[in-house]
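Residue indices begin at 1 and follow the sequence shown.
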Amino acid sequence: MEMISATMAGLDNGHLPLMSTEGSGGVYFMPDPSGQGNVAVFKPIDEEPMAENNPRGFPLSVDGEGLKRGTRVGEGALREVAAYVLDHPVDGLKSCDATGFSGVPPTALVRCFHMGKGFKIGSLQMFVENHGSCEDMGPRDFPVQEVQKIAVLDIRLANADRHAGNVLVCRDAEDDLKLVPIDHGYCLPEKFEDCTFEWLYWPQSREPFSAETTKYIESLDAGEDIAHLKFYGWNLSTQCARVLHISTMLLKKGAQRGLTPYDVGSIMCRKTVKRESGIEVIIDEAEDAVLPGTSEETFLQAVSEVMDCHLDDMLSKLKQNK
């Protein structure tokens with residue numbers, strides 16, 4: 001990958017990484033060969049929040065759970081790479097040069113030597129030139145399609161950390177505004193408790209999915225995604241695989257019924273810390289409907305049936321309120 005070669009050339013030329021002043025973990029800008037710009041962003045796993053060498057003062061995790069519920073300390077880099085791998089282009093699975101539907105920058109798991117004291121493992125993501133993040137401007141001018149591509153990614157991956165600061169605002173060659181999602185260390189959690197979607201508060205999220213987005217959603221297959229991640233070296237835990245199956249199921253069923261990103265996203269996010277989200281209620285009901293020891297396939301079928309009932313009821317209420 002050209003990004004890795006350019007990063008190595010920058011280091012070989014004596015240009016040292018620069019630690020970002022932002023973020024909750026160790027985040028390093030990697031200079032290009034000239035030293036005049038950045039080529040990538042490196043996040044070591046041992047400097048994640050609540051990890052042993054975290055530079056931001058977070059306490060060590062006592063049970064291995066990460067800063068967000070349902071995540072594990074030391075797995076952030078895997079999740080960063082997974083978001084890139086699963087960001088399929090419109091025409092199929094990821095290839096080396098293809099840009100994904102949601103535009104996650106190229107990301108790889110790397111190992112690098114550290115000041116003669118062993119090495120560090122972490123995620124390396126291509127640096128994206130930008131005009132700031134969505135924190136720096138109001139959402140009024142964001143194109144609907146750009147918001148939808150972020151929403152599709154976050155719903156699929158049950159993102160527990162989508163805030164305005166980790167969506168970059170960019171311009172393409174035609175000077176059109178583009179949104180680029182970064183920071184996916186808290187996607188694919190083991191449970192839905194901490195799903196957080198900033199775009200729920202943007203008016204574009206209340207627009208119906210476009211024909212392009214709907215077609216893309218129809219093509220998604222959680223089983224293929226799990227196999228794809230395994231091919232790249234990450235065998236998802238049973239809990240994470242279940243979350244991916246259920247979130248993809250919800251996205252597909254919601255789009256089929258004409259629900260908006262807001263409608264679907266609201267089902268996944270808690271309104272208060274202690275009040276279960278709609279998707280958690282659906283899972284609880286499915287668990288009550290099956291016998292102990294039931295196969296995962298049978299359980300997911302139960303989830304599908306309960307979800308159908310909830311979505312149909314939601315759709316009926318939305319029509320009554322129009």
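- Proximity of a side-chain donor or acceptor of Asn321 to a complementary backbone N or O of Lys317 within less than 3.5 Å is detected.
- Under the side chain to side chain contact (heavy atoms under 4.5 Å, CB included) rule, Pro181 has a single partner from Asn159, Val104, Asp154, which is Val104.
- Remark: Asp263 does not engage Arg257 in a salt bridge, criterion side-chain N to carboxylate O under 4.0 Å.
- Put simply, the side chain of Leu109 does not reach to within 4.5 Å of the side chain of Trp234, judged on heavy atoms.
- Side-chain contact between Ile226 and Lys230: absent, with no pair of heavy atoms (C-beta onward) separated by less than 4.5 Å.
- Paired with Glu193 under the rule salt bridge (charged side-chain N to carboxylate O under 4.0 Å, His left out), one option of Arg275, Arg69, Lys68 passes, and it is Arg69.
- Applying side-chain hydrogen bond (donor to acceptor under 3.5 Å, both in side chains) to Tyr28 and the options Glu47, Lys43, Lys120 leaves one that passes, Glu47.
- Put simply, the side chain of Glu280 does not reach to within 4.5 Å of the side chain of Ile283, judged on heavy atoms.
- Side chain to side chain, Glu285 and His310 meet the donor-acceptor criterion of an N or O pair below 3.5 Å.
- Ile182 places none of its side-chain heavy atoms less than 4.5 Å from the side chain of Val128.
- Thr248 contributes no side-chain N or O that, together with a main-chain N or O of His245, makes up a donor-acceptor pair within less than 3.5 Å.
- Judged by the 6.0 Å and 45° rule, Arg162 forms no cation-pi pair with Phe197.
- With no hydrogens or angles considered, a side-chain donor-acceptor pair links Glu305 and Gln301 at under 3.5 Å.
- The side-chain heavy atoms of His184 and Thr107, taken from C-beta on, include no pair separated by under 4.5 Å.
- When atom types are taken as modelled, the side chain of Glu146 and the backbone of Leu179 share a donor-acceptor pair closer than 3.5 angstrom.
- A salt bridge (Lys or Arg N to Asp or Glu O under 4.0 Å) check over residues 129-139, counting only residues at least two apart or in different chains, returns nothing.
- A donor-acceptor pair is defined here as one N or O able to donate and one able to accept, closer than 3.5 Å; such a pair exists between the side chain of Asp87 and the backbone of Phe101.
- Using a 4.0 Å cut-off between charged nitrogen and carboxylate oxygen, Arg79 and Glu75 count as a salt-bridge pair.
- Between Leu188 and Leu78 there is no side-chain heavy-atom pair separated by less than 4.5 Å.
- Distance check, rounded to the nearest 0.5 Å: NZ of Lys149 to NZ of Lys178 gives 6.0 Å.
- When side chains are defined from C-beta on, Thr71 does not count as touching Asp194, because their heavy atoms never get closer than 4.5 Å.
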Requested in this report: Before giving the answer on side-chain contact (heavy atoms from CB on, under 4.5 Å), spell out for Glu22 and Val27 the whole-Å C-alpha distance, their side-chain angles and the decisive distance to 0.1 Å.
Outcome: CA-CA 8 Å; Glu22 300 179 348; Val27 180; over 6 Å; no
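- Here the side chain of Ser277 pairs no donor or acceptor atom with the backbone of Cys269 at under 3.5 angstrom.
- Between Met30 atom CE and Met3 atom CE the span is 10.5 Å, to the nearest 0.5 Å.
- With 3.5 Å as the limit, one finds a donor-acceptor pair spanning the side chains of Gln145 and Ser210.
- Note on ring orientation: taking the six-membered ring where Trp is involved, the planes of Tyr232 and His228 are perpendicular (angle over 60°, cut-offs 30° and 60°).
- Ile279 places a side-chain heavy atom less than 4.5 Å from the side chain of Met307.
- Follow the hydrophobic side-chain contacts under 4.5 Å out from Val85 and you reach Phe231 in the same cluster.
- Within 6.0 Å of CE on Met314 lie more than 12 heavy atoms contributed by other residues, nucleotides or ligands.
- No donor-acceptor pair under 3.5 Å is formed between the side chain of Ser316 and the backbone N or O of Asp312.
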